> 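For reference, the structure I am asking about is given below.
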Amino acid sequence: MLFLYLEPSEWEKAAYARCFSLKLISRCFGLFCCSHDVVRGLMESQEEATEEGINYVAMRNLFVREAKEALDVKVVKKSRSTHIRESVERMEFSRTMDEWTEFRKKMNPDSLTHPPEFVIKPRGQTVWEGKTVKLHCTVAGWPKPRIAWYKNNVLIDAKAHPEKYTVESNYNMHSLEIKNCDFLDTAQYHASALNVKGEASCVATIVIKNGFCPEHGVTFRTSIIDKFEVAFGREGETLSLGCTVIIYPTVKKYQPEVIWYRDSVPIKPSKWVHTHWSGERATLTLVHLNKEDEGMYTLRVNTKSGFDTYSAYVFVRDADVEVEGVPVAPLDVWCHDANKDYVVVTWKQPAVEGSSPILGYYIDRCEVGTHHWAQCNDTPVKYTRFPVTGLVEGRSYIFRVTALNKFGVSRPSRVSEAVVAMDPSDRARLRAGPSAPWTGMIKFTEEDSTDSVVPGEPSDVVVTEATKSYVVLAWKPPVQRGHEGVMYYIEKCISGTDTWQRVNTGMPVKSPRFALFDLAEDKSYSFRVRCCNSAGVGEPSVSTGDITVGDKLDLPSAPGSPVATRNTDTSVVVSWAASKEVRHLVGYYIECSIVGTDVWMPCNNKPVKQTRFVCHGLTTEANYVFRVKAVNAAGYSQSSPDSDAVVVKAAISVPGKPTGVTLVEAVKDYMILAWTEAANNGGADVRGYFVDYRTVKGGIVGKWHEMNHKALTTTSYKAENLKENVFYQFQVRAMNMAGVSKASLPSAPLLCKEWTLTVPGAPVGLHVLEVRDNSVVVLWEPPVFDGRTPVNGYYLDLKVASSGEAGWKAVHEKANKMKYMKVAGLKGGTSYVFRVRAQNLVGVGKTSAVLGPIQAQTRPGTKEIYVDVDDDGIISMIFECSEMTGDSEFVWSKNYKAITDTSRLTIVNEKGKSRAIFNNPSLEDLGTFSCVVTNTDGISSSYTLTEEGESIISLVIPFKNEMAIELLEKGRVRLWTQVEKWTADCQVDYVFNDVIVSAGQKYSMKFDKSTGIIEMFMDSLEVTDEGTFTFNLVDGKAKGTTSLVLIGDEFRELQKKSEFERAEWIRKQGPHFVEYLGFAVTQECDVLLKCKVRQVIYYKNLVGVGASQMMLKNKTEKTLIYFNIRDAKIAASERVKSGVTGEQLWLKINEPTEKDKGKYTIDIFDGKDGVKRFFDLTGKDRARVVGGLPDVVAIQEGKSLNLTGNVWGEPVPEVSWSKNDKELLPDDHIKLKFEHGKFASITIAAVTTADSGKYALLVKNKFGTEAGEFTVSVYNPEDEEKEEEKKD
């Protein structure tokens, strides 16, 4: 190699010094490894590319002119170390100059200014004639640059041609709009930016096409129909997937682009995959299925207006094994890192290991063009990765893998794609194809010697893979290797020794890769590589260092517990937590088992990497559990814990769209709407409806707005606050527990104008039940608009569906007051339609929407309700259904109204059977009972109980009156009833709260069979007596029950009266007042105080004002009353007063102080007996909310709310908060505090409308409980403005 050194003369050195002081360097001399011509070429190209600044041009011309005179070119041979040292010195000098230049720039006061720069450049466009095109760009610079637009280097004057051009500049964003383009507008458009620091420009090309294509201006709509469903195949079979694609409108010769994907990867046609597009139907055929073909298949149809897609999963099951217990075939065999004589083969473990774990894998190879398979490994390998050596350079190979367990060997996998044994650089050159003439590479070298050169040592020898079965080495070829190709010898050395042993003594390898086998596990080795050619063997490379033979890749940890959720009748969604400790994850296998079988089946035969999978092909109504295991190259993880059992049935979805939105009444400012519920409720009951509206003016529709924020529970709505003589459209959405449905079709434009009709509107909600060969039950809802008088009846009409309007006939003559009717006398197999009219005092209204056609035909397997009476006399109605789904339920009704009172009937549902048991049969239970099975095709039946028909009354003991309660003397309580019919064998059980009680100290019972009166007595009512009292009668098979519920306020009131009566009775047994203390004024104007005690009148004289003692005297006895505090009598004063009011003795303390704390006692003594009562005022007090909280808080949405309530009580009360009677807990949105035992505060950050409601601060201690309530109302100003606009 020649090193050319350009040595500057003395004047150039001086010029360097001057330039350094001026901070201007225009040229640097350096070292180049090339010829003289190359140096000259580099100098010329550098001069052409240099910016032509004024100062720069002057200095450059000076240097070039003098350099041409004094430049001496010397050819000097230099050593490698000298060349490297001088290169480092040049780099250090360049770095110093750069740092100095940057420092001077920072010190420059003009550093803030900078020339214009295009941040976003205008882009070229191609448009059709007559269209408008717009160019955009964004420019930065300071001072703010000015923008000018040029067309083919001619300035565009937008002001002179406003009909053609529009130029806009806002906030450094600039645009040029060209209107009504024609062919002459095809040009290059320049945007030029200029300020004091410089100028910048960029260009965009506009092409105007004046041709026409059939699809020009057409907006295509794509619809995919006749779609393929989730498919199941088996290895070796052929499977076809297809969809019909409709493109509208149809344009001659225009075809969309049809692409198939597997797991989001485009599928290319091959010998395994065939695609076909007929112009209407897209078909994908999978020939000879393998597990590699499993995955999510997607059809994508692209048009110029957009695209449409459809996806479904394809499952490929394993073929039957030839030997029971052997594993199934591995899958996904690929070749990597192919070299001259070496390739790495990888694969994936199968989902089923067989009856025992997989012990390892065998790899086979076959040279392309032959049919001879050779086994690559003598012992099975556990890793799903294996280096294959000994390949012949230039030949192509394919590979396959088999799995082994103790029962045998599996079938082989699908073969890999062919791979050529050749150098990677040669393969890349072949893939790239021939280079263009101008991209060729020219190398300048010295004359090469004809003698061979011993190659140098390889570099970067590393261990790329290390397992207990093999170790793979990789290295880089040497720099010095001559003209010949090189080969390699590999040497190993056991750690702790200095002995190197050549591994491949027989034949050197050609690839810079090598796999070593037969190494001792857990031993440490060092490795190195030597190069060789015809000249000899080179020096060894640097050693790799100690490498321990063993598995470096651990098994993955078990995934988290899976969660299974319902999806469809045959599928379940399984999700799980990813394995926490896993490297090089291949994917997950999911297994399922029917509860109770302990037989596990694979859900997928190709591992998936996501942590959610839909398991298809399950048995409907079966109970499954699931588990998951992870796989990587090292093997399988432990299985996850089993999921909770899940029954396979369809998940609840949103309901279908309501239909038939109609107007049933209109007034000046409101309209009443009605609609028909959706046929599909999504598997759950519809909870409500939402109505939207929009205005229609001159055929132009406005935006949709919500009318109701709270879901409606009926299929009608009163739309208020409308404007008179304005047309409106309405749409309705249904809601169930899964969400809100799509909106119904908009109604026709409806005029808000008051109706003058006096007859009722049309009935709504027509539907049928109990369809039989000769009868059907028709039901309906009353009209929303009754007319001027209430509806008093209905008329039902029918006709054969195929007949004309003249075929309508009335089902009955007199008006039917019920909202249902059973139509009999139908002809089996004939289809009928029905309609209903409502009637009021004015006349008959409009007919309803037509219901039907309904075919009069009994469904096969239909069963009817029947009545059963068991040996215990229990009467029940039974209905059976064999077509129930997982979400089906039995719904019982009486007279076609849902039964809400469960006290009359007890419903017991078993699998496919429902039993309605009469709790207390009586005349109240007469009527028509019906049962409907939900989520079926209208399966229903009914049974009518009449007094003349099925006699259930004969099995019921009648009562003259129900159980009653009566309060007796001494506060005793009497519960009693009287039966109407009974025999001498009639027995009574007395029940309290479902527990039979007997006579004793608390209760006494009596059944007078001569009168039929049944009684139960209690001496007093206690707290434990709150509940339900029942008399159960049994008279042969006849039964009777009567009950009395005594709870709540009614019980407490009765208990209070009982205690009072008992206290009065006790009081009257000793000294007591017959007449309480009163006064009278005599004729002498004297005040006479008197009372009557046991027929003796006692007079009391008050001696001294404020006496703390009252004395009642007679000849033989007296009654004294004292008030004491802390065993000291209380003296009366202006602040402390006592007295008697009616039956009450009172003590009043005005403005109490700390001295008034203590234990108060009242002594009542009549000379013989005395009574004492105590009251503790030691400072303890019940919990109270004493202030701080408002009654109502109105706050704007987005603001923060902070309220503090003052709390009092001793001991310090417990504090809690509630919202809408539900306990409120603190979180990130709501903060609750209680400070110093006195202040309880609530803070709600950024309130929303969901925070509106009734709040309460609850305080509690052992002396009492109190709640401070307040209401929070969150409003949105924008919503209020909209409401005001709507009212206007």
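Note: hydrogens, waters and symmetry copies are ignored here, and every other heavy atom, side chains too, is used. Quick caveat, the model's predicted, so the values are computed rather than measured.
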> List for me each residue that meets ring-ring contact (aromatic ring centres under 6.0 Å, His included) alongside Y361, sequence neighbours excluded, and say none if there are none.
W347
> Restricting to ring-ring contact (aromatic ring centres under 6.0 Å, His included), what partner residues turn up for Y689, sequence neighbours left out?
W675
> Please enumerate all residues that pass side chain to side chain donor-acceptor pair (under 3.5 Å) together with K348, with sequence neighbours excluded.
D332
> How would you list, by chain and number, every residue that makes a ring-ring contact (aromatic ring centres under 6.0 Å, His included) with Y310, sequence neighbours excluded?
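For Y310, the residues satisfying ring-ring contact (aromatic ring centres under 6.0 Å, His included) (neighbours in sequence not counted) are F228.
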> Taking side chain to side chain donor-acceptor pair (under 3.5 Å) as the test, write out the residues that go with T568, two or more places apart.
S571
> Taking side-chain contact (heavy atoms from CB on, under 4.5 Å) as the test, write out the residues that go with V833, two or more places apart.
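Counting only residues at least two positions away or on another chain, V833 forms a side-chain contact (heavy atoms from CB on, under 4.5 Å) with K799, A801, W808, V850, P853.
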> Identify every side-chain donor-acceptor pair in residues 268-275 under 3.5 Å, counting partners at least two apart or on other chains, and give the distances.
| unit_1 | atom_1 | unit_2 | atom_2 | d |
| --- | --- | --- | --- | --- |
| S270 | OG | W272 | N | 3.2 |
| S270 | OG | V273 | N | 3.4 |

> What residues, two or more places apart in sequence or in another chain, satisfy side chain to side chain donor-acceptor pair (under 3.5 Å) together with R859?
E883, D937
> Who passes ring-ring contact (aromatic ring centres under 6.0 Å, His included) against Y589, sequence neighbours left out?
none
> Measuring from T384:OG1 to H584:NE2, what's the distance to the nearest 0.5 Å?
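T384 OG1 to H584 NE2: 11.0 Å, rounded to 0.5 Å.
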> When the side chains of residues 311-319 are checked against the rest of the protein, which donor-acceptor pairs come out under 3.5 Å, sequence neighbours left out?
| unit_1 | atom_1 | unit_2 | atom_2 | d |
| --- | --- | --- | --- | --- |
| S311 | OG | T298 | OG1 | 2.7 |
| D318 | OD1 | K291 | NZ | 2.9 |

> With sequence neighbours left out, what residues match E367 under side-chain contact (heavy atoms from CB on, under 4.5 Å)?
T370, R395, Y397
> Can you name the residues that form a side chain to side chain donor-acceptor pair (under 3.5 Å) with E353, not counting sequence neighbours?
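By the side chain to side chain donor-acceptor pair (under 3.5 Å) rule, E353 matches no residue at all.
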